[in-house]
Amino acid sequence: MAALQLPNDPMTDPSAEELIALRPWLKHDAMNGLLLDGVPLAGIADEVGTPTWVYSAETMRSRYKALAGAMADAGLAVHIHYAVKANDSRAVLSLFATQGAGADVVSGGELLKARRASFPASNIVYSGVGKSPAELSLALREDIGQINVESAEELDMLSALATAQNRTARVALRVNPDVDAGTNDKITTGRATDKFGIPYSDAIALYAVAASLPGIQPIGLATHIGSQILDIAPYRNAFARIAQLVHALREKGHRIETVDCGGGLGIPYRNDPSPSPAALAAAMKQTFHGLDVRLAIEPGRWLVGPAGLLLASVVLVKRTALDPFIVLDAAMNDLVRPAMYDAWHGIVPIAAKDAVAPARLFSVVGPVCESGDTFARSRSLPTLAAGARVAILDAGAYGAVMSSTYNARPLAAEVWVDQCRWSTIRDRQSIEEQWARERLPT
Ligand SMILES: *Cc1c(COP(=O)(O)O)cnc(C)c1O
C-alpha cells in the first residue's frame, strides 16, 4: 500500500530546492538570496516593508499563453474568461484584458472592476447564486455577454428586470451536474447538496421556461464543479453530463450556442501531481468535439496562483518543549488559506545564508489571536533570526482578495515585478484609512 500523504508530513514535504526547481520564475542567488524574475525579494522587503504580496507579471502572461496554446493545440476555439475573484488587482485585470481574455465575475463590484480594467462588456460572464436586483440591473445596463443563471427564482427576477429596462439578457443555465470534484469540502460546488447551479433533473424544464420568458435569450449551458481540482476524471464526468443535456435540449428544438466549462484547474502547491491544461483540453475535446458549441472556460487559480508570493519577516522564534514557533509578521488575516482549507504552502527563506543553514522542524505562525493562525506545522526550515525574511509561495490566487483587517491589521501592500523592474500596485493600508468610515453613535 502506498504511504499515506499527510498534509504536514516533513518526510514527504518538498525541500526549498525542489520547490524552487519547479517554479522557474524563482531563483536562489548566492549573493542576493531569493529572486523573483531576477529581482531580489530582499530589496522589495527593504523598501516596501512586510507583509507584502509580490506578483510575477511574466508568469501570469506565460501561463495565460500556455493555457490558450493548449486549447488551440487540441484544435479547440475556447474563450478564456479569467475568474476575477482569484486576484482582482487592477494591474492583474489589465494584464489579462490586454491578453484578450474575458472576465468571469461573481458580484457587481467585480463587474465594475472588470469594466474599469477595460474588459469589453461582451466578454464578461456573471455567475453566482445570489445576484441582487441591483447587480442584475447593472449587468443589464452594461449589456454583458452572458449571465449564468443559477435558479428558477433568479430567472424570474432577471426576466422582470430585463423587461422593465427594455433589454434582453443572454442567459446560460448553470447546471449542477452532481459530481464530486474530490477537492476540499469548502470549495467543491458540483454536488447535488451544494448551493450552486440548477439541479440536473430540472435543467430541461427550466430551459423551456427561459425560452418562453420575456427579456431572456437562452444561449446555452454552464457548469463549474469546484476549485483546486487535481484529477481530470470529475471534469470528464461533468462534461459528459452537460453534453447529454445539449443533445436532449436540441432534440426538443432548443438552440444551444455555448457551453461554459467553468474553472477549477488545480496547481501543485506541494509539488503534487496536477493536471495540465493539455489534459483539460483533451477532456473537453473528447466530449464536445463535433457538438458545434462555442466553448468557454473560467480559470482563476491556475493563471495567477503560482505567480504570487507573500513576503513576510520573522518577528521572533519562540522556543517550546515541542517544535519551536517561527512567528511571522504575516498572519491569517493576510493569507487565510491554511486556516480556512488546511492548505499547504511552500515557505522558503529569502537570505542566501538562510538557504544553506541546517534545518529542523518548526511551526510557522502569525501574530493574530487565534490558534488557527498557523501557516505550517512540522515544517523543516533553517533556524531563522528575528528580521529574517521568508516567501510563502503560490499565494497569487485567493490571497490578497481574501484578506481582512482582523486584529486591526492593515491590508498588506502589493508589488508587481515585470521585465526585471518592480512597482507597487497597491499601497499598504494605513490605520487611519481603516477607521476613516467609523462614527460614534449620535
Ligand atoms: C471561483 C470560480 C471560478 C474559478 O475557479 P478557480 O478554481 O480559481 O479556477 C470559475 N467559475 C466560477 C463560477 C467560480 O465561482
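Atoms within each ligand, like the ligands themselves, are counted from 1 in listed order.
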(message) Among all the protein's non-hydrogen atoms, which is closest to atom 8 (O) of ligand 1, and how far away is it?
(response) Tyr398 OH, 2.5 Å

(message) Tell me the protein heavy atom at minimum distance from atom 2 (C) of ligand 1, and give that distance in Å.
(response) Lys85 NZ, 2.2 Å

(request) Enter the distance from Gln99:CD to Ile80:CD1 here, rounded to the nearest 0.5 Å. (result) 10.0 Å

(request) Would you check the N or O atoms of Ala86, main chain and side chain alike, for any that come under 3.5 Å of an N or O of ligand 1? (result) no

(message) Whether Glu110 and Lys85 form a salt bridge (side-chain N of Lys/Arg under 4.0 Å from carboxylate O of Asp/Glu) is what I want to check.
(response) no

(message) Quick test of your reading of the model: are Asp73 and Lys285 salt-bridged, counting only N-O distances below 4.0 Å?
(response) no

(request) Distance to 0.1 Å, residue and atom name: give those for the protein heavy atom nearest to atom 11 (N) of ligand 1. (result) Glu298 OE1, 2.5 Å

(request) Determine whether the side chain, the backbone, both or neither of Thr189 has a heavy atom under 4.0 Å from any heavy atom of ligand 1. (result) neither

(request) Could you tell me whether Pro299 approaches ligand 1 through its side chain, its backbone, both or neither, with non-hydrogen atoms closer than 4.0 Å? (result) backbone

(request) Considering only non-hydrogen protein atoms, determine which one is nearest to atom 9 (O) of ligand 1 and report residue, atom name and distance to 0.1 Å. (result) Gly264 N, 2.8 Å

(request) Using a 4.0 Å heavy-atom threshold (strictly under), name the region of Arg301 that reaches ligand 1: side chain, backbone, both or neither. (result) both

(request) Report yes if some heavy atom in the side chain of Pro14 is under 4.5 Å from a heavy atom in the side chain of Trp344; otherwise report no. (result) yes

(message) Within the structure provided, determine whether His345 and Phe375 are in side-chain contact (heavy-atom separation under 4.5 Å).
(response) no

(message) Please list the nearest protein heavy atom to atom 7 (O) of ligand 1 with its residue and the distance rounded to 0.1 Å.
(response) Ser227 OG, 2.3 Å

